[in-house]
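These figures come from a predicted structure and were not determined experimentally. All chains are named by letter (A, B, ...) in the order of the sequence lines, taking the proteins before the strands, and each is independently numbered beginning at 1.
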2 protein chains.
Amino acid sequence: MAAGKKSAAVRRRRGNRRELLLEAAARRFLYEGYAAASMRDIAADAGMQAGSIYYHFPSKADLLAAVHDEGMRRISDAVLESLEGPKDPWQRLEAACIAHLEFLLEGNIVVQALMQEMPTGSSPIRTRVTRLRDDYEGIFIRLLEDLKLPRGVDLHSLRLMLLGAMNWSFTWYRPGAETPRRIARKFVKYLRISLQAS
Amino acid sequence: MAAGKKSAAVRRRRGNRRELLLEAAARRFLYEGYAAASMRDIAADAGMQAGSIYYHFPSKADLLAAVHDEGMRRISDAVLESLEGPKDPWQRLEAACIAHLEFLLEGNIVVQALMQEMPTGSSPIRTRVTRLRDDYEGIFIRLLEDLKLPRGVDLHSLRLMLLGAMNWSFTWYRPGAETPRRIARKFVKYLRISLQAS
DNA sequence: GTCTATAGCAAGATAGAC
DNA sequence: GTCTATCTTGCTATAGAC
């Protein structure tokens, strides 16, 4: 076997272990909160001992940061991918909202972990979260701009209202009732009626 | 002095100390999260030693529960009071939303502390928070029913959308820009245009 | 009611064997 | 890369003086 092949296999295995840790950490952070989640429990969920985590991440705070980065990356990718098909501006907005809600409500645990740490207070992590979130929400600003809405419509408030309604659904959504897709469509429909009437 | 008078004074003083502790705890819970906030810091903020808290509250969990009860009581009272004036259903909804957002965004820290503990996971506190919140949001269900909206409008989703947009504003609101009153009016206006057009 | 002192425990992180 | 063992620190809660 060539050295290149072996190196690729090692890299894949390493990635798996790291990803396993990320998922375990995300689950614990989500269900117990960052401070209450212990490195021992996270390690156990990933099938290793507490000390072994520190080979992959230098500290608990770095583990949280990695979860945030990965979560934002995944939902951003999903939303951007949903925009490759539709051309009509309203359909594009709807597609983005469906992707956003599907990933948030029934998607990966890493994405859901983003919701646990509310950007309150003034911790160092807050700055990071806020910046990442602003970048992501820029996607929606551009989608709203493309709608060519009548003057006087406040795109800023509009984005906050739409994304706020969607993000808050994380607190009340339970599987089995309405699907994320139906919720997203309903929210966009309400907005659409509203803004086309004005 | 009669015994009754002295007893009233004692009760008032006790209430002050207890309330001081509630505010201090709410501030720490809000800015650091429940698990990360220490009884030592809470006590110091209230001007006492850690051990002294346990004269007023039997445990840290009970302190959190007391903060939640008090916060829900305050915002419920404020919203119900805002409904005493207006008679028109839409004006009543707007008044309630203004009261909700003013208390949430610039009101008491005890109310704001309600936002920190997201109802994720399955902790015992989650059940309590969810029940208290459901009771409170019942006020808005009744306000929406009074609007006599056309059939086919889903009051359930409507309440979730409106309250979601408002509650999420807690994550982005910064004093100095738009006032809570203006934000509330904008959200209600959007809904109103939407629903009257359908 | 509040204090001091401390028991009892669990956490994050490190060191070195393998 | 992962393990075991452990250091150090900080926490909640209690006991008893005042």
Side-chain angles (χ1 to χ4, degrees), chain A residues 3 6-68 113 116-117 121 123-125, chain B residues 3 6-67 116-117 121 123-125:
Chain A
K6 188 186 171 193
S7 156
V10 166
R11 212 179 308 120
R12 191 160 51 246
R13 187 187 303 270
R14 180 185 298 159
N16 286 344
R17 301 296 283 162
R18 198 189 130 99
E19 190 160 329
L20 215 60
L21 268 175
L22 276 183
E23 306 257 343
R27 180 167 289 108
R28 290 282 174 178
F29 290 161
L30 174 60
Y31 284 95
E32 303 172 7
Y34 171 72
S38 78
M39 297 294 264
R40 282 170 174 80
D41 287 342
I42 293 170
D45 290 351
M48 58 175 70
Q49 297 295 319
S52 306
I53 297 182
Y54 293 86
Y55 173 80
H56 302 275
F57 301 95
S59 73
K60 189 183 181 185
D62 284 274
L63 184 49
L64 174 62
V67 168
H68 273 116
Q116 174 65 21
E117 292 287 316
S123 56
I125 196 71
Chain B
K6 188 187 172 192
S7 156
V10 167
R11 212 179 309 122
R12 191 161 50 247
R13 186 186 305 269
R14 179 184 300 160
N16 285 345
R17 300 297 281 163
R18 198 190 130 98
E19 189 159 330
L20 214 59
L21 269 176
L22 276 184
E23 306 257 342
R27 180 167 289 106
R28 289 282 175 178
F29 289 162
L30 174 60
Y31 284 94
E32 302 172 8
Y34 170 71
S38 78
M39 298 293 265
R40 281 173 175 80
D41 288 342
I42 293 169
D45 290 351
M48 57 176 72
Q49 298 296 318
S52 307
I53 297 182
Y54 293 86
Y55 173 80
H56 301 276
F57 301 96
S59 74
K60 189 184 180 185
D62 285 274
L63 184 49
L64 175 61
V67 168
Q116 173 64 22
E117 292 288 317
S123 58
I125 195 72

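A sub-4.0 Å separation between OP1 or OP2 of C:dC3 and a side-chain N or O of B:Ser52 is present. The side chain of A:Arg18 contributes no N or O atom lying less than 4.0 Å from OP1 or OP2 of D:dG1. When the side-chain nitrogen and oxygen atoms of A:Gln49 are compared with OP1 and OP2 of D:dT4, one or more of them lie within a distance under 4.0 Å.
Summarising the geometry, the separation between CZ on A:Phe57 and C1' on C:dT14 is reported as 18 Å, rounded to the nearest angstrom. Computed from coordinates, the B:Ile53 CD1 to D:dC11 C1' distance equals 12 Å when rounded to whole Å. For the pair A:Met48 CE and D:dG1 C1', the computed distance is 8 Å after rounding to whole Å. Straight-line distance from the CG atom of A:Asn16 to the P atom of D:dG1: 11 Å, rounded to whole Å. The separation between B:Arg28 atom CZ and D:dC11 atom P is 10 Å, rounded to whole Å. Rounded to whole angstrom, the span from the CG atom of A:Leu20 across to the C1' atom of D:dG1 amounts to 14 Å.
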Which protein N or O atoms sit under 3.5 Å from an N or O of nucleotides 10-13 of chain C?
{"residue": "C:dG12", "atom": "OP1", "partner": "A:Ala37", "partner atom": "O", "Å": "3.3"}
{"residue": "C:dG12", "atom": "OP1", "partner": "A:Lys60", "partner atom": "NZ", "Å": "2.8"}
{"residue": "C:dG12", "atom": "OP2", "partner": "A:Met39", "partner atom": "N", "Å": "2.8"}
{"residue": "C:dG12", "atom": "N7", "partner": "A:Arg40", "partner atom": "NH1", "Å": "3.1"}
{"residue": "C:dG12", "atom": "O6", "partner": "A:Arg40", "partner atom": "NH2", "Å": "3.1"}
{"residue": "C:dA13", "atom": "OP2", "partner": "A:Tyr54", "partner atom": "OH", "Å": "2.8"}
{"residue": "C:dA13", "atom": "OP2", "partner": "A:Lys60", "partner atom": "N", "Å": "2.9"}

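Among residues two or more places apart in sequence or in another chain, the side-chain contact (heavy atoms from CB on, under 4.5 Å) test is passed with A:Ala50 by A:Arg40. Residues satisfying the side-chain contact (heavy atoms from CB on, under 4.5 Å) test with B:Ala44, not counting sequence neighbours, are none. Residues satisfying the side-chain contact (heavy atoms from CB on, under 4.5 Å) criterion with B:Tyr54, sequence neighbours excluded, are B:Met39. Under the ring-ring contact (aromatic ring centres under 6.0 Å, His included) criterion, A:Tyr34 pairs with A:Phe29, sequence neighbours left out.
When distances run from any side-chain atom of A:His56 to the nucleotides D:dT2, C:dT2, D:dC3, the shortest one goes to D:dT2.
With A:Leu21 as reference, A:Ile53 is the one residue of A:Ile53, A:Asn16, A:Val67 to meet the side chain to side chain contact (heavy atoms under 4.5 Å, CB included) rule.
Applying the salt bridge (charged side-chain N to carboxylate O under 4.0 Å, His left out) test to every pair with at least one member in residues 43-64 of chain B, sequence neighbours left out, gives these pairs: B:Arg28-B:Asp45.
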